[in-house]
Asker: 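Have a look at this one before I ask anything.
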Amino acid sequence: MAQETFSDRLRQAMSDCGVRQSNVIRASEMLGKKLGKSQMSQYVSGKTIPRRDVAELLARILEVDVTWLLAGDADQGEASSPRNDSKPEPHPSAQIARSTTMRTFSKSTKLDNVLYDVRGPVVDEAARMEDEGERILKLNIGNPAPFGFRTPDEVIKDMRQQLPDCEGYSNSRGLFSARKAIMQYSQIKGLPNVQMEHIYTGNGVSELIQLSMNALLDNGDEILIPSPDYPLWTACATLAGGHPVHYLCDEQADWYPDLEDMESKITSATKALVIINPNNPTGSVYPREVLEGIVEIARRHQLMIFADEIYDRLCMDGYEHVSIASLAPDLPCVTFSGLSKSHMIAGYRIGWMVLSGNQRCMSDFIMGVNMLSNMRLCSNVPAQSIVQTALGGHQSVNDYIRPGGRVYEQRNFVYEALNKIDGISVVKPRAAFYIFPKMDVKKFNITDDEQFALDLLHEKKILITRGGGFNWAEPDHFRIVYLPRMEVLKESLEDLADFFDHYRQA
């Protein structure tokens, strides 16, 4: 018989008490502690064993003895490996090492409150099912290539031609040609005071978000981040020692930021605010008057603005994207963009950030950015080599986002199909690849959106990302990526409609 593990005992204790993961998480909050959903899922699945203090908290909630809960595991929660008696005895030289109890190595406590469910526990379950031969439709991540979107031929040809010149490191900020093209693009977008030395290329925008959060935030500094958000922002701010404070975006107002809520959450510890425009996961595009309102708030409270604009070239229905930095020449602004989505080259990993506006007041921050930029040497040089080509000339993405284009037509189909499902409502996205439907939690008895995502995965083999994965507090939303071809989307939306026709969460 296999040795009973910590996760076996944890599940047994939960079953004996008649509780689910969400109940344990709420109980921990009532005790003044915090357990993340992802964290708890890893304990239950056996991927991680908690530290002693966390195990004691779980034992208290479940009314069991912590010694029993950790029985068979090391003192700090490290699972011991069962010995296979059929194996030959080790060489005598190994006896010394075997006689010494090795200390355990736990993951950093900085990760306890970090969430990234775009690739989290539900994705892990999907991977397990794939290993067993199941075919999973992955509507969880905006990755164009698997759905037949191709990189423009001119971009590929230029990279091939320049590869022999890309074998060494570049300047830590990036190639001159790439940064010059980015500067010119920024000037077209109206960003003020842009200089070559304040443009940085990165291995995607993701790397630069992490770099900028580490350069800015001290322990305890607060930063305003939208809810729903792209979870990397919250994760990177947390890892940097900052405290993310989420302001609400209003679903009843096309998912625009609630400016009153935003300003009400500013304290003396608030250092900056983040906007994601066009927005992921909602697809909202913010109008000029909303952006001007955000600028006024930042001006009143002397805040730095971080603007994630990676989808700025993917606006539909005649919506115009306005860079918030163009409205704030007197404020310190950091604007992020890249080619991953607009040129369907997510795997090339090429993004950038532009520091603009009042650079005098962020001179020390710039020194920090330079230091961290130098430490990673440089970003992917072959990918940098095609920035100039990609930003100039014909923009192939425009063919996708106009009437008749794949992204445009698939967006329309998914929006209409979702609204036909009883108990589902959705705001029409105006940009990007995503739609963020709302579920009637009373109709479907949904109290745990992670469990909903798992139930959908198990029954229909469809992988989505739950709303909580975007730091949305209620269990009533999920995100769908509408990149698959129309015939795949039609089949998947039929499956989704069938699922909701009978689904009631246990």
Asker: How long is the gap from SG on C236 to CG on L211, to the nearest 0.5 Å?
Answerer: 10.0 Å

Asker: Which atoms form the tightest heavy-atom contact between I276 and P226, and what is the distance?
Answerer: CD1-CG, 4.0 Å

Asker: Closer than 3.5 angstrom, by distance alone: can the side chain of N23 be matched with the main-chain N or O of R20 as a donor-acceptor pair?
Answerer: yes

Asker: Give me each pair satisfying side chain to side chain donor-acceptor pair (under 3.5 Å) with a member in residues 485-499, each pair once, sequence neighbours excluded.
Answerer: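 Only K460-D498 qualify under side chain to side chain donor-acceptor pair (under 3.5 Å).
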
Asker: List the steps, then state whether salt bridge (charged side-chain N to carboxylate O under 4.0 Å, His left out) holds for E132 with R128.
Answerer: CA-CA 7 Å; E132 294 183 354; R128 183 196 66 77; 2.8 Å; yes

Asker: Answer whether the closest heavy-atom distance between the side chains of P332 and F365 falls below 4.5 Å.
Answerer: no

Asker: Looking only at non-hydrogen atoms, find the nearest pair between G368 and A215 and report the distance.
Answerer: C-CB, 4.0 Å

Asker: Supply the atom-to-atom distance L463 CG to T465 OG1, rounded to the nearest 0.5 angstrom.
Answerer: 6.5 Å

Asker: Can you give me the closest heavy-atom contact between V274 and Y247, atom names plus distance?
Answerer: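 Smallest interatomic distance, heavy atoms only, reads O-OH, 2.6 Å.
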
Asker: So, does R406 use its side chain to make a donor-acceptor pair with the main chain of L483 at under 3.5 Å?
Answerer: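 Yes; judged by distance alone, with no hydrogens or angles, the pair exists.
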
Asker: Return yes when atom NZ of K138 has more than 12 non-hydrogen atoms of other residues, nucleotides or ligands closer than 6.0 Å, and no otherwise.
Answerer: no

Asker: Can you see which heavy atom on Y256 is nearest to which on V285, and at what distance?
Answerer: CE2-O, 3.4 Å

Asker: Using a strict cut-off of less than 4.0 Å between a Lys/Arg side-chain nitrogen and an Asp/Glu carboxylate oxygen, indicate whether E416 and K420 qualify as a salt bridge.
Answerer: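 A salt bridge is absent here (no side-chain N lies under 4.0 Å from a carboxylate O).
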
Asker: Nearest 0.5 Å please: distance from the CG atom of D455 over to the CZ atom of F499.
Answerer: 5.5 Å

Asker: How far apart are the closest heavy atoms of L217 and G242, and which atoms are they?
Answerer: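 Between these two residues, the closest heavy atoms are CD1-CA, 4.1 Å.
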
Asker: Answer whether the closest heavy-atom distance between the side chains of V441 and F452 falls below 4.5 Å.
Answerer: no

Asker: Let me confirm one number: the CG-CH2 distance from L62 to W68, rounded to the nearest 0.5 Å.
Answerer: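 Here the rounded value is 8.5 Å.
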
Asker: Short question: side chain of R299, backbone of I294 - any donor-acceptor pair under 3.5 Å?
Answerer: no

Asker: Would you sort out whether H502 and E459 count as a side chain to side chain contact (heavy atoms under 4.5 Å, CB included), showing the intermediate values?
Answerer: CA-CA 12 Å; H502 66 268; E459 181 175 333; 2.8 Å; yes

Asker: Here's a test for you: under ring pair (Phe, Tyr, Trp, His ring centres under 6.0 Å), which of Y434, Y230, Y286, F336 qualifies with Y311?
Answerer: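 Among Y434, Y230, Y286, F336, the one meeting ring pair (Phe, Tyr, Trp, His ring centres under 6.0 Å) with Y311 is Y434.
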
Asker: Taking the side chain from N445 and the backbone from Q505, do they hold a donor-acceptor pair closer than 3.5 Å?
Answerer: yes

Asker: Kindly indicate, with the supporting measurements, whether the criterion side chain to side chain contact (heavy atoms under 4.5 Å, CB included) is fulfilled by V481 and I141.
Answerer: CA-CA 6 Å; V481 175; I141 190 166; 5.5 Å; no

Asker: With a 4.0 Å cut-off on N to O distance, would you call R26 and E29 a salt bridge?
Answerer: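 Between E29 and R26 there is no salt bridge, as every charged N stays at least 4.0 Å from the carboxylate O atoms.
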
Asker: Would you indicate whether the side-chain heavy atoms of S206 and R349 approach each other to under 4.5 Å?
Answerer: yes

Asker: Start with the C-alpha gap between S41 and E450, add the side-chain angles, then the distance that decides, and say whether side-chain hydrogen bond (donor to acceptor under 3.5 Å, both in side chains) holds.
Answerer: CA-CA 9 Å; S41 293; E450 184 174 288; 2.5 Å; yes

Asker: Between N214 and Q210, does a side-chain hydrogen bond (donor to acceptor under 3.5 Å, both in side chains) hold up when you go through it step by step?
Answerer: CA-CA 6 Å; N214 282 324; Q210 186 168 21; 5.7 Å; no

Asker: Is any side-chain heavy atom of D312 less than 4.5 Å from a side-chain heavy atom of S337?
Answerer: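 In short, these two side chains touch, coming nearer than 4.5 Å.
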
Asker: If we check ring pair (Phe, Tyr, Trp, His ring centres under 6.0 Å) with Y400, which of these qualifies: Y408, Y482, F149?
Answerer: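 Option passing the ring pair (Phe, Tyr, Trp, His ring centres under 6.0 Å) with Y400: F149.
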
Asker: How about CZ on R376, more than 12 heavy atoms from neighbouring residues, nucleotides or ligands closer than 6.0 Å, or not?
Answerer: yes

Asker: Is the shortest heavy-atom distance from the side chain of H301 to the side chain of E263 under 4.5 Å?
Answerer: yes

Asker: Run the side chain to side chain contact (heavy atoms under 4.5 Å, CB included) test on R313 and H321 for me, step by step, so that the C-alpha distance in whole Å, both residues' side-chain angles and the decisive distance to 0.1 Å come before the verdict.
Answerer: CA-CA 8 Å; R313 295 179 293 286; H321 177 265; over 6 Å; no

Asker: Does the pair I225 and N471 meet the rule for a side chain to side chain contact (heavy atoms under 4.5 Å, CB included), with working shown?
Answerer: CA-CA 10 Å; I225 296 174; N471 291 291; over 6 Å; no

Asker: Could you point out which residue of Y415, F478, W255 forms a ring pair (Phe, Tyr, Trp, His ring centres under 6.0 Å) with F436?
Answerer: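 That would be W255; it is the only one of Y415, F478, W255 passing the ring pair (Phe, Tyr, Trp, His ring centres under 6.0 Å) with F436.
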
Asker: How about CD on E134, more than 12 heavy atoms from neighbouring residues, nucleotides or ligands closer than 6.0 Å, or not?
Answerer: yes

Asker: Can you name the one residue among H246, K271, K265 that meets side-chain contact (heavy atoms from CB on, under 4.5 Å) with L224?
Answerer: K265

Asker: Counting only heavy atoms not in Q302, do more than 12 sit closer than 6.0 Å to its CD atom?
Answerer: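 Atom CD in Q302 is not packed in, count stays at 12 or less.
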
Asker: Taking the side chain as C-beta and beyond, is there a heavy-atom pair between L454 and E125 under 4.5 Å?
Answerer: yes

Asker: Within a reach of under 6.0 Å around CZ of R103, are more than 12 heavy atoms found that belong to other residues, nucleotides or ligands?
Answerer: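 Not buried by this count: 12 neighbours or fewer within 6.0 Å.
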
Asker: Can you tell me how the ring of F500 sits relative to the ring of Y503, calling it parallel under 30°, perpendicular over 60° and tilted otherwise?
Answerer: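 Correct class here is perpendicular.
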
Asker: From N419 CG over to D422 CG, what is the distance, rounded to the nearest 0.5 angstrom?
Answerer: 11.5 Å

Asker: Is there side-chain contact between V19 and I61, with at least one heavy-atom pair below 4.5 Å?
Answerer: no

Asker: I'd like to know whether CZ of R135 has more than 12 heavy-atom contacts from other residues, nucleotides or ligands below 6.0 angstrom.
Answerer: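 Check fails, neighbour count at 12 or below.
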
Asker: Between M262 and L273, what is the shortest heavy-atom contact and its length?
Answerer: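 Between these two residues, the closest heavy atoms are SD-CD2, 4.2 Å.
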
Asker: Just by modelled atom types, is the P475 backbone N or O under 3.5 Å from a matching donor or acceptor in the R466 side chain?
Answerer: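 Pair absent, no side-chain N/O of R466 close to backbone of P475.
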
Asker: Please tell me if the side chains of R430 and C315 come closer than 4.5 Å, counting only heavy atoms from C-beta onward.
Answerer: no

Asker: How long is the gap from CD1 on I49 to OG on S106, to the nearest 0.5 Å?
Answerer: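 So the CD1 of I49 and the OG of S106 are separated by 9.5 Å.
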
Asker: For residues D8 and Q12, is any side-chain donor paired with an opposing acceptor at under 3.5 Å?
Answerer: no

